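A quick note: this is a predicted structure, and the numbers were derived from the prediction, not measured.
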Amino acid sequence: MQNTKARANVYALISRVLLQELDEDMLNIIKSDENILDFFPTLKEWKPLNEESDNKLLEEYLNPDFVNLSLLHLIPYETFYTREDQKIETGGANPVTDIYSTYNFMVDYGISRTVSSDHIGIELEFMHHLVEAELKALEDNNKDAVSELKSVQKEFLNKHLLQWAPMYLINVKYEARTPLYYDVADLALEFMLSDNEYLVKELSN
């Protein structure tokens, strides 16, 4: 169960950082939590993190970098990578819409700065949603539900995130101007691959 909680936490973290700009609360959580900072080794050693005010960090470093990586230069949407015409599918034909509704996952467009449900931050948030459901099934000792949810997680990773997110994340690492976004891209890439290996192993037992 501890492992499932840890997986849920990592999905929540990378989803939040990739979904929208940081606010002061989120920045403080990152700065004050050693466990989180261990996931972001380059950020941990970055001098401005402890020398500049939170306001300056957000307004002059981190949030301009987010805008550059998510809104201006790179495109964090699955359909851009998987459709031949490189158009983002914003309507009901989006490939993730059906699976979201099957598992009662609602996208809050008011909170996220996204135009479509196949944004990397939302897809990672859906993985968090599934792992949380698995945690609930574990608490209820519902082995069939645990197995089904692991199977759905593996399928979603392989049919969706792993089909395109590595390309986006490699570009983020290359383009990032701050250690936060370099590190989160690195973490997301490594974690998705290792989580897929973990799920394959779990489901083969």
Q) Which heavy atom in H128 sits nearest to a heavy atom in A8, and how many Å separate them? A) CD2-O, 2.9 Å

Q: Please list all pairs passing the ring pair (Phe, Tyr, Trp, His ring centres under 6.0 Å) test where one or both residues lie in residues 133-156, with sequence neighbours left out.
A: F126-F156, F156-H160

Q: Check whether the side chains of N55 and S53 place a donor and an acceptor atom closer than 3.5 Å, and report yes or no.
A: no

Q: Determine yes or no for a side-chain-to-main-chain donor-acceptor pair under 3.5 angstrom, with S147 supplying the side chain and K143 the backbone.
A: no

(Q) If you define the side chain from C-beta out and look only at heavy atoms, does anything of M26 sit under 4.5 Å from L13? (A) yes

Q: Please check if any side-chain donor atom of Y181 sits under 3.5 Å from a side-chain acceptor atom of N68, or the reverse.
A: no

Q. For the atom pair CD (Q153) and OH (Y103), what is the distance rounded to the nearest 0.5 Å?
A. 10.0 Å

Q.
Can you give me the closest heavy-atom contact between L43 and D183, atom names plus distance?
A. N-OD2, 2.8 Å

(Q) Quick one, N141 and V146 - any side-chain contact, counting heavy atoms below 4.5 Å? (A) no

Q. Considering all heavy atoms of both residues, which atom of E123 and which atom of S117 are nearest to each other, and what is their separation?
A. CG-O, 4.3 Å

**Q.** Beyond-backbone contact of M192 with L169, side-chain heavy atoms, under 4.5 angstrom
**A.** yes

Q) Is the closest side-chain heavy-atom distance between F66 and S70 below 4.5 Å? A) yes

Q: Would you check if L22 and L180 make a side-chain contact, meaning some heavy-atom pair closer than 4.5 Å?
A: yes

Q. Roughly how far, to the nearest 0.5 Å, is CG of L19 from NE2 of H119?
A. 6.0 Å

Q) Is it the case that one hydrophobic cluster holds both V152 and L203, taking links as side-chain heavy atoms less than 4.5 Å apart, direct or via other members? A) no

Q.
Measuring only between side-chain heavy atoms, which start at C-beta, is K31 closer than 4.5 Å to L57?
A. yes

**Q.** Shortest non-hydrogen separation from P179 to T42 and the atoms involved
**A.** CB-C, 3.7 Å

Q. When hydrophobic residues are tied together by side-chain contacts of less than 4.5 Å, even through go-betweens, does L157 share a cluster with M167?
A. yes

Q. If you look at every heavy atom in A188 and L18, which pair is closest and at what distance?
A. CB-CD1, 4.5 Å

Q) How far does CZ of F191 sit from CG of L124, to the nearest 0.5 angstrom? A) 9.5 Å

Q. What closest approach, in Å, do N35 and D33 show between heavy atoms, and which atom pair accounts for it?
A. N-OD1, 2.8 Å

Q) Given the rule that I, L, V, M, F, W and Y join up when any side-chain heavy atoms are under 4.5 Å apart, are Y182 and L69 in one cluster? A) no

Q: Could you grab the distance from atom CE of M1 to atom CD of E134, nearest 0.5 Å is fine?
A: 9.5 Å

Q: Check whether I120 and L130 end up in the same hydrophobic cluster, where Ile, Leu, Val, Met, Phe, Trp and Tyr are linked by side-chain heavy atoms less than 4.5 Å apart.
A: yes

Q) How about Y77 and T114: do any of their side-chain heavy atoms sit closer than 4.5 Å? A) yes

Q) W46 and Y61: aromatic ring centres closer than 6.0 Å? A) yes

Q | Approximate separation, where rounding is to 0.5 Å, of Y174 OH and L74 CG | A | 11.5 Å

Q: Check whether more than 12 heavy atoms from other residues, nucleotides or ligands sit under 6.0 Å from atom CZ of R83, and answer yes or no.
A: yes

(Q) To the closest 0.5 Å, what do you measure between CG (D23) and CG (D54)? (A) 10.5 Å

**Q.** Side chain proximity check, T82 to D118, heavy atoms < 4.5 angstrom
**A.** no

